[in-house]
2 protein chains.
Amino acid sequence: MNVRTLCLSILHDGDATGYEIRRLSVEGECSYFVEASFGSIYPALARLESEGLVSSRLEQQDGKPTKKVYSITAAGRDAFVQELSAPLGEEMFRSPFLLFARFAHLLPQELVAARADEFLKARQERKRILEDAQKTTGMNASDAWVLNYGRAIMDVAEEYFRTHMDDLIKLGRAEPKKDAAE
Amino acid sequence: MNVRTLCLSILHDGDATGYEIRRLSVEGECSYFVEASFGSIYPALARLESEGLVSSRLEQQDGKPTKKVYSITAAGRDAFVQELSAPLGEEMFRSPFLLFARFAHLLPQELVAARADEFLKARQERKRILEDAQKTTGMNASDAWVLNYGRAIMDVAEEYFRTHMDDLIKLGRAEPKKDAAE
DNA sequence: GGCAGGCTATGTCGGACCGATATATGTCGG
DNA sequence: CCGACATATATCGGTCCGACATAGCCTGCC
């Protein structure tokens, strides 16, 4: 599941610029399971265009820079369905915080508490994005299913973390380098 | 949170070869939130050794190729704690299956059903690995906390998916290319 | 007025990382 | 006896991220 497929999936639902694709992938309804950076989106779009899977047109705007709007072609739609029919890649989950948490006993308690708080806030922000997306209209049944699945898990993840984070913080080292302050 | 830090985290708990680090990162208790391939582990270990953060010794075995066992040094432990004290990277979750699911209405129902089944099996396998890890002895409180957090979420994810996957499958296109079979 | 900062917008580049492959050794089953 | 599998190390091409470069326009502030 590469960036090319991600671009095709967004263009399948409507025209967009590279910038908009990036924003959708980071802040949109699917930001919790697909994401891509400019460094891969722009080259991917250029290659897709050279292969005839998307087309582009320049569009002037007043008060904003000229943008390059991409549209998916018939060949692009075919390639997209083809891609979805191929074997799927593995699910991937990376959490620097959980690696950090595994070594809480090596670290000062205040640091563990601060990181835990950041983590909770980040989780709540993600949840909020999903809730906002759920309010938008023009969503098909598949999108709704995926969104509901995501929300169900995020709700539990947040709830569980909120009620157990104190146990984690208690594992942190109390009063580290006390002498330095005296 | 790079591969170097992952290697240090494993070596912090005991000596290991590159091969063992890979196996732990893919099948171990933390495989659900950290993972790395040979292509990044071996170069990372070589660089860590050149920087004096780990040391290595060759160990002959009968019935198996000679292995290169790495140990963390005092400088390595310091660097590891330093790394954990630095700002953490973002959590990342990638799911080719959920992208697939968003377009279930474009795809034949049998394909959706097959992928959903694969997905459920993969989830159950992950859960099994975590349950096995929980049974092992010699686990500290931090490890136990992380493991409990992971299990809580995985249990819900599996349960929710199992009870809702039929709704997803129903969104698939019924009887595609029927004429070809007649 | 001017100018710093922020948003929109496109793009490049170095480095990190994955996945496949190469290589070697030994076991085990058919 | 040979292919399949497991252990073990290592490299390489290609993909992708994160930081940076560039540029126009808008807003707020002193």
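Chain naming here is simple, since letters A, B, ... match the order of the sequence lines and numbering starts at 1 in each.
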What is the distance, rounded to the nearest whole Å, between atom [atom1] of [X] and atom [atom2] of [N]?
X: B:Lys67; N: D:dA10; atom1: NZ; atom2: C1'; result: 18 Å
X: A:Arg47; N: C:dG11; atom1: CZ; atom2: P; result: 17 Å
X: A:Phe38; N: D:dA21; atom1: CZ; atom2: C1'; result: 13 Å
X: A:Ile21; N: C:dG11; atom1: CD1; atom2: P; result: 12 Å
X: A:Asn2; N: C:dC18; atom1: CG; atom2: C1'; result: 13 Å
X: A:Glu35; N: D:dG18; atom1: CD; atom2: C1'; result: 13 Å
X: A:Glu90; N: C:dG19; atom1: CD; atom2: P; result: 9 Å
X: A:Gln60; N: D:dC25; atom1: CD; atom2: C1'; result: 15 Å

Do B:Ser31 and B:Arg126 have side-chain atoms, one donor and one acceptor, less than 3.5 Å apart?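 The answer is yes; a qualifying pair exists.
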
Exercise: do A:Asn148 and A:Gln134 side chains pair donor with acceptor under 3.5 Å: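 Yes, a side-chain donor-acceptor pair sits under 3.5 Å.
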
Residue matched to C:dG30 through Watson-Crick or wobble contacts both under 3.5 angstrom: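 Paired with C:dG30, as far as the under-3.5 Å criterion goes, is D:dC1.
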
With DNA chain C as reference, determine whether A:Ser40 or A:Pro65 sits nearer its 5' end, using the nearest nucleotide of each.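 It is A:Pro65 whose nearest nucleotide is closer to the 5' end.
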
What nucleic acid atoms does [X] come within less than 4.0 Å of, heavy atoms only: base, sugar-phosphate, or nothing?
X: B:Glu20; answer: nothing
X: A:Arg22; answer: nothing
X: B:Gly39; answer: base
X: A:Ala36; answer: sugar-phosphate
X: A:Glu59; answer: nothing

Taking the side chain as every heavy atom from C-beta outward, state whether A:Glu29 and A:Leu130 have any atom pair closer than 4.5 Å.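 A side-chain contact is absent here, since even the closest heavy-atom pair is not under 4.5 Å.
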
Is B:Glu59 close to B:Thr66 at the side-chain level, that is, under 4.5 Å between some pair of heavy atoms?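 Result no, sub-4.5 Å side-chain heavy-atom pair not found.
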
Please report the shortest heavy-atom distance between B:Ile41 and B:Ile21, naming the atom on each side.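 Closest approach of B:Ile41 to B:Ile21: CD1-CG2, 3.9 Å.
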
Which residue lies toward the 5' end of DNA chain D, B:Thr66 or B:Pro43, if each is placed at its nearest nucleotide?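 The 5'-side residue here is B:Thr66.
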
Between A:Val3 and B:Thr17, which has a closest nucleotide on DNA chain D that is more 5'?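 With A:Val3 and B:Thr17 compared, the 5'-side residue is B:Thr17.
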
Is the phosphate of [N] approached by [X] (side-chain N or O, under 4.0 Å from OP1 or OP2)?
X: A:Gln61; N: C:dA9; answer: yes
X: B:Arg4; N: C:dC17; answer: no
X: B:Tyr19; N: D:dT9; answer: no

